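Note sheet for the following structure.
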Amino acid sequence: MNDRSGNHVQWMQNQSYMDSEQPRRCRFLKFPVVEKRWRAACNAGNDSDQLFTSLPTNSDLTDAFLDRKHREGSARGFGIRKSNSTLGSDSWVDDPITRHVVGLYINKEEEDIKNLLWPLILHTRGLYSILILPMVEPRHLKAYARLCKRSDCGTALGMDDGLSSLLLDLPSVTGAFMVAHAIGDLITGDTIEPEVIVSAAPSVGGLFDSLTGSIGISSRAKPVTPPVASSSPSSTSVPGSITADAPKIGSRPLDKDALRTFISSSMPFGTPLDLNYSNIFTIKSNGFSATDLPPSDQKQPAWKPYLYKGKQRILFTIHETIHAALYDRDEIPDSISVSGQINCRADLEGLPDVSFPLGGLQRASLEVLSYHPCAQVSDQGLDKQGVMFSPPLGNFVLMRYQATCALGPPLKGFYQLSMVSEDKGAFLFKLHLMEGYKAPLTMEFCTVTMPFPRRRIVSLDGTPSVGTVSTSEHSVEWKIVTSGRGLTGKSIEVTFPGTVKFAPWKNQRLSSSMSSFGIDADEDSDNEADNASNMVNEEHLMEKMNKDLPPVDLEEPFCWQAYNYAKVSFKVVGASVSGIAVDPKSVGIYPAVKAPMEFSTQVTSGDYILWNTLGKCPNVATIKR
């Protein structure tokens with residue numbers, strides 16, 4: 001896509017590719033300008049006879065994609081070289097990146113470089129597979145073809161001829177990923193703007209806020225509805241008003257014509273300019289008017305096609321997500337990470353610049369940090385970094401980061417489950433909530449779920465020290481902290497001992513499961529004899545039941561085994577757990593205007609897992625720092 005994006009776009013709707021051999025629908029868009037540039041590059045390097053010079057037909061590309069799925073084992077493939085990998089295939093390169101950056105041979109009978117399309121960005125969203133082919137130079141395609149034929153496996157440490165080194169030289173691949181994600185959001189209708197929180201009631205401040213916060217009373221926050229920016233060519237429009245001319249957010253997938261409009265408008269001639277769907281559809285609906293022209297001495301950025309008019313204010317929301325794997329084992333360290341973003345909404349007239357110092361960098365131990373294109377960053381100090389930006393319209397993500405959990409996990413402890421028979425398990429939870437957390441940090445809710453996706457629950461016996469318990473057919477849910485009764489300024493210890501009884505395995509399901517795992521009848525009869533001896537061997541029971549489980553799709557997280565984890569969900573407000581902070585009093589606007597500023601934080605759980613201390617669990621060796 002003109003050095004920054006793609007040559008063509010294709011999206012297919014499939015039946016998840018596991019239940020159906022053919023995609024149900026297929027759409028294929030080309031940019032002739034980019035295709036012409038590719039042919040010119042091939043002619044300039046005398047590569048016309050060695051590389052493809054025209055794109056394949058829709059049906060040929062679909063057949064090639066399905067052929068790769070069969071060859072690689074799934075739509076994404078293995079990403080590593082296996083015994084059944086073939087010379088020239090993506091898995092032969094032995095790099096996990098090939099699950100997302102793939103190559104297709106259009107003529108499977110002749111798998112040479114002339115039939116190779118690469119790099120195709122593969123993004124799977126819902127029932128759709130989106131393929132983006134960015135434009136690269138012919139030498140890059142030749143380099144990948146050599147990697148596919150190399151006899152050695154993977155990339156040696158320190159070598160510069162691997163796939164990662166090749167992709168680092170291709171910024172168009174990054175642009176293609178952004179295009180793929182934007183199209184995926186539009187196709188599925190999942191175009192949700194970043195959430196910015198504003199207090200429902202103004203803060204009184206001083207002693208009153210301190211007293212009400214300490215006893216858990218606070219004004220509820222509410223999200224700000226992301227608007228669709230509007231121009232004012234219509235006589236019915238009021239300055240500062242919001243119109244809903246763009247498609248409704250998250251309502252339903254867009255139709256074909258709307259999607260074509262977005263693609264042709266957001267990336268004219270194949271070059272991505274603005275992937276913001278609200279801007280694209282608002283410009284199409286409203287056009288521009290003379291009142292939207294910026295001052296002659298200022299340049300209007302692409303991310304702000306309209307100038308805001310109305311009540312001025314600035315809102316910042318730090319939204320962090322904690323991912324954790326808690327093992328409670330000496331030989332396996334717990335894994336805790338924080339991914340966060342600062343969402344912003346700056347309703348400011350004209351084209352002002354906003355600046356503020358970003359604090360808490362040293363405490364957060366940032367590992368990854370990226371900013372919106374509208375932002376400029378000064379040299380980073382020991383614990384602060386100056387940020388200046390020209391804000392776009394509506395809600396947007398100002399920055400994203402990966403950090404450590406400076407305050408420690410908001411919930412820690414252990415979970416144990418022991419199968420005392422084939423159909424009965426004894427479990428125990430012992431958890432500490434908000435240990436080391438002080439006001440104004442508040443846990444608004446906390447729920448622990450024990451999933452049993454392969455067993456049907458018959459009964460549950462047990463009473464927790466705090467909270468309520470409910471069961472469904474395949475899970476147990478323990479609500480420790482409920483909405484409206486938050487936990488502020490103190491830590492608590494909770495326990496939940498109990499037993500859970502499952503429906504017995506049916507003989508037909510047992511036999512089918514055994515055959516699917518290649519287990520003979522003799523082994524099955526031996527296991528039945530062991531059970532008849534009334535000698536309860538927990539290790540034997542777990543092994544037998546795991547063999548009885550039907551196969552699980554490897555793409556499903558945490559379903560490797562059915563009995564080995566509990567999942568925690570919670571929400572904490574009041575401050576970030578990483579230490580990242582924005583001081584509203586230090587925010588500056590140039591040219592100076594009087595605009596109130598509000599700041600809020602919320603911390604939610606991501607994949608927050610308590611692994612069964614008595615069971616098997618996956619873990620990754622980490623380097624000690």
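Just so you know, these numbers come straight off a predicted model, no measurement behind them. For the single chain, residues carry numbers from 1 onward in sequence order.
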Q: Answer yes when Arg125 and Asp185 have at least one side-chain N-carboxylate O distance shorter than 4.0 Å, and no when they do not.
A: yes
(Q) Please determine whether a side-chain nitrogen of the Lys or Arg among Asp334 and Lys412 lies less than 4.0 Å from a carboxylate oxygen of the Asp or Glu. (A) no
Q: Scan Thr488, Leu487, Val577 and name whichever one has a side chain to side chain contact (heavy atoms under 4.5 Å, CB included) with Tyr437.
A: Val577
Q. Side chains of Glu444 and Gln602: is there a donor and an acceptor less than 3.5 Å apart?
A. no
**Q.** Pair Thr601-Ser576, side-chain donor/acceptor within less than 3.5 Å
**A.** no
(Q) More than 12 heavy atoms of other residues, nucleotides or ligands under 6.0 Å from CE of Met597: yes or no? (A) yes
(Q) Leu122 vs Ile130, test: side chain to side chain contact (heavy atoms under 4.5 Å, CB included). Steps then yes/no. (A) CA-CA 6 Å; Leu122 171 60; Ile130 299 121; over 6 Å; no
**Q.** Partner set under side-chain hydrogen bond (donor to acceptor under 3.5 Å, both in side chains) for Glu435, not counting sequence neighbours
**A.** none
Q: Please determine which of Asp347, Val354, Leu351 meets the side chain to side chain contact (heavy atoms under 4.5 Å, CB included) test together with Pro391.
A: Val354
Q.
Within the supplied structure, the quantity of interest is the number of heavy atoms (other residues, nucleotides, ligands) at a distance under 6.0 Å from Gln376 CD; does it exceed 12?
A. no
Q: Evaluate the side-chain proximity of Arg313 to Leu315: yes if any heavy-atom separation is below 4.5 Å, no if none is.
A: yes
(Q) Applying ring-ring contact (aromatic ring centres under 6.0 Å, His included), can you list everything that pairs with His123, at least two apart in sequence or on another chain? (A) His181
Q: Compare every heavy atom of Pro352 with every heavy atom of Lys304, then report the nearest pair and how far apart it is.
A: NZ-CD, 4.4 Å
Q. Between Ile263 and Leu29, is a side chain to side chain contact (heavy atoms under 4.5 Å, CB included) present by the stated rule, with each step listed?
A. CA-CA 9 Å; Ile263 293 175; Leu29 295 180; 3.3 Å; yes
Q.
Between Ser355 (side chain only) and Val387 (backbone N and O only), is there a donor and an acceptor less than 3.5 Å apart?
A. no
Q) Between Lys309 and Glu349, is there a side-chain N and carboxylate O pair less than 4.0 Å apart? A) no
Q. Does Tyr371 have its ring centroid less than 6.0 Å away from the ring centroid of Phe389?
A. no
Q.
Quick check for you: to the nearest 0.5 Å, what is the distance between Ile121 atom CD1 and Met178 atom CE?
A. 13.0 Å
Q: With sequence neighbours excluded, tell me which residues meet ring-ring contact (aromatic ring centres under 6.0 Å, His included) with Phe570.
A: Tyr608
Q. In terms of side-chain heavy atoms, does Glu320 have a donor or acceptor partner in Ser578 at a distance below 3.5 Å?
A. yes
Q: For the pair Arg139 and Asp169, find out whether any cationic side-chain nitrogen is under 4.0 Å from an anionic carboxylate oxygen.
A: yes
